[in-house]
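All of these numbers come straight from a predicted model, not from anything done at the bench.
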Amino acid sequence: MLVLASASPRRQELLRNAGIPFVAQPTDIPEVPHQGEAPRAFAERMAREKALAVFRERPDDLVFGADTIVVVGPEILGKPRDDADAVRMLRMLSGRTHQVITGVCLAGPQPRTRGHEGGSGFEDVRSETTFVTMDTLSSDDIRSYISTGEPMDKAGAYAIQGRASRWVSRIEGDYFNVVGLPVSLVYRMLNEHKTA
């Protein structure tokens, strides 16, 4: 059984649309970068911590964790704390190209082979990066967008698949990564571990 260590409705929808069966079991891991931690390392560490938190409770299942961040310049943007934080993030993204990085981790039991009971388990940690260019946003654009509530539970304070799509002028890489899950990478990982 594949267990998604996430409550994200977007990740769940992407897995369902790809025909990948799963059950969801959310985790509550504090998402705070370590001092000096590189963005990719942070996203991968968060994915790993989420997957392992659930794997400890379900050691016989395959567990998949993911974490998506937005990076503009040197700053990591997670989910906005409040409206003012969303305004700050959207102003930073306005008229610029930024990175969306999703760390992914698949954890599971070691397969049993003849003569071996299997080990404690395996971890496969990877990430996907997509470059997104956003048009310049006016203050009215930002205020109007925040009033919809859409940006409040999204890394970088926007949903590419929602109303913010009107401001995305260019994307380089995996679109689904920006939505919240690099489906192609996940499918390859599952196939490599013979579970898809």
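- Residues Glu75 and Arg88 have side chains in contact (heavy-atom distance under 4.5 Å, counting atoms from C-beta outward).
- In this pair, Tyr158 and His98 present their aromatic rings perpendicular. The plane angle is above 60°, beyond the 30 to 60° band.
- To the nearest 0.5 Å, the span separating CZ on Arg45 from CD on Glu37 amounts to 4.0 Å.
- Of all non-hydrogen atoms in Ala5 and Gly65, the two that sit nearest each other are CB-CA, 4.3 Å.
- In this structure, Thr102 contributes its side chain and Glu128 its backbone to no donor-acceptor pair below 3.5 Å.
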* **Intermediate values then yes/no, side-chain hydrogen bond (donor to acceptor under 3.5 Å, both in side chains), Ser184 and Arg188** => CA-CA 6 Å; Ser184 178; Arg188 284 193 310 271; 2.9 Å; yes
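- For Gln12, the side chain to side chain contact (heavy atoms under 4.5 Å, CB included) partners two or more places apart in sequence, or in a different chain, are Leu4, Arg16, Phe22, Ala24.
- For the pair Leu2 and Leu106, the minimum side-chain heavy-atom distance is below 4.5 Å.
- Here the side chains of Asn17 and Val183 are not in contact, with every heavy-atom distance at 4.5 Å or above.
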* To do: Apply the test side chain to side chain contact (heavy atoms under 4.5 Å, CB included) to residues Ile160 and Ile171: give CA-CA distance (whole Å), side-chain angles for both, the deciding distance (0.1 Å), then the verdict.
  => CA-CA 10 Å; Ile160 194 170; Ile171 179 171; 4.1 Å; yes
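- Connection of Val186 to Val54 is not established within any shared hydrophobic cluster, with ILVMFWY side chains joined at heavy-atom distances below 4.5 Å, either directly or through further cluster members.
- For the side chain to side chain contact (heavy atoms under 4.5 Å, CB included) criterion with Val132, the lone passing option out of Val168, Val72, Val70 is Val168.
- Residue Thr133 holds its OG1 atom at 8.0 Å from CD of Glu172, rounded to the nearest 0.5 Å.
- The CG atom of Leu181 sits 8.5 Å away from the OG atom of Ser6 when rounded to the nearest 0.5 Å.
- In the hydrophobic cluster analysis, where Ile, Leu, Val, Met, Phe, Trp and Tyr join through side-chain heavy atoms closer than 4.5 angstrom, Phe55 is grouped apart from Val125.
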* Verdict with reasoning, Glu49 to Thr27, per side chain to side chain contact (heavy atoms under 4.5 Å, CB included) -> CA-CA 9 Å; Glu49 287 183 13; Thr27 61; over 6 Å; no
* Full working for side-chain hydrogen bond (donor to acceptor under 3.5 Å, both in side chains) between Thr97 and Arg170 -> CA-CA 9 Å; Thr97 298; Arg170 180 174 170 81; over 6 Å; no
* Step by step, would you call Leu93 with Leu77 a side chain to side chain contact (heavy atoms under 4.5 Å, CB included)? -> CA-CA 10 Å; Leu93 298 172; Leu77 304 180; 4.1 Å; yes
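- Residues Leu62 and Leu52 do not share a hydrophobic cluster, clusters being chains of Ile/Leu/Val/Met/Phe/Trp/Tyr side chains in contact below 4.5 Å.
- For the residue pair Glu44 / Ser127, a side-chain donor-acceptor distance below 3.5 Å is found, with atom types taken as modelled.
- Salt bridge status for Asp153 with Arg10: present, with a side-chain N to carboxylate O gap under 4.0 Å.
- With Glu31 as the fixed residue, the salt bridge (charged side-chain N to carboxylate O under 4.0 Å, His left out) test singles out one of Lys50, Arg81, Lys79: Lys50.
- Note: Ser138 OG to Arg143 CZ = 7.5 Å, rounded to the nearest 0.5 Å.
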* With ring pair (Phe, Tyr, Trp, His ring centres under 6.0 Å) as the test, would you mind laying out the steps for Trp167 and Tyr145 before giving the verdict? => CA-CA 11 Å; Trp167 302 305; Tyr145 184 51; 5.4 Å; yes
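- Residues Val104 and Val63 are members of separate hydrophobic clusters, defined by side-chain heavy-atom contacts under 4.5 angstrom among Ile, Leu, Val, Met, Phe, Trp and Tyr.
- Considering all non-hydrogen atoms of both residues, Ala47 and Gly103 come closest at CB-O, 3.2 Å.
- Between Pro151 and Pro80, the closest heavy-atom pair is O-CG, 3.4 Å.
- Side-chain contacts under 4.5 Å among hydrophobic residues (ILVMFWY), followed directly or transitively, place Ile76 together with Ile29, Phe42, Met46, Ile69, Val71, Ile101.
- For the pair Glu150 (side chain) and Arg163 (backbone), a donor-acceptor distance under 3.5 Å is present.
- The backbone N or O of Ala84 lies less than 3.5 Å from a partner atom in the side chain of Asp82, making a donor-acceptor pair.
- Side-chain contact between Ser139 and Arg91 is present, with heavy atoms from C-beta onward closer than 4.5 Å.
- At a threshold of 4.5 Å between side-chain heavy atoms, the hydrophobic network of Ile, Leu, Val, Met, Phe, Trp and Tyr places Val178 and Leu14 in one connected group.
- In this structure the side chain of Arg11 never reaches within 4.5 angstrom of the side chain of Phe64, judged on heavy atoms.
- The side chain to side chain contact (heavy atoms under 4.5 Å, CB included) search around Asp83 returns Ile146, Met152, not counting sequence neighbours.
- Between the side chain of Ser144 and the backbone N or O of Asp141 there is no donor-acceptor pair closer than 3.5 Å.
- With values rounded to the nearest 0.5 angstrom, Met89 atom CE is found 15.0 Å from Ser94 atom OG.
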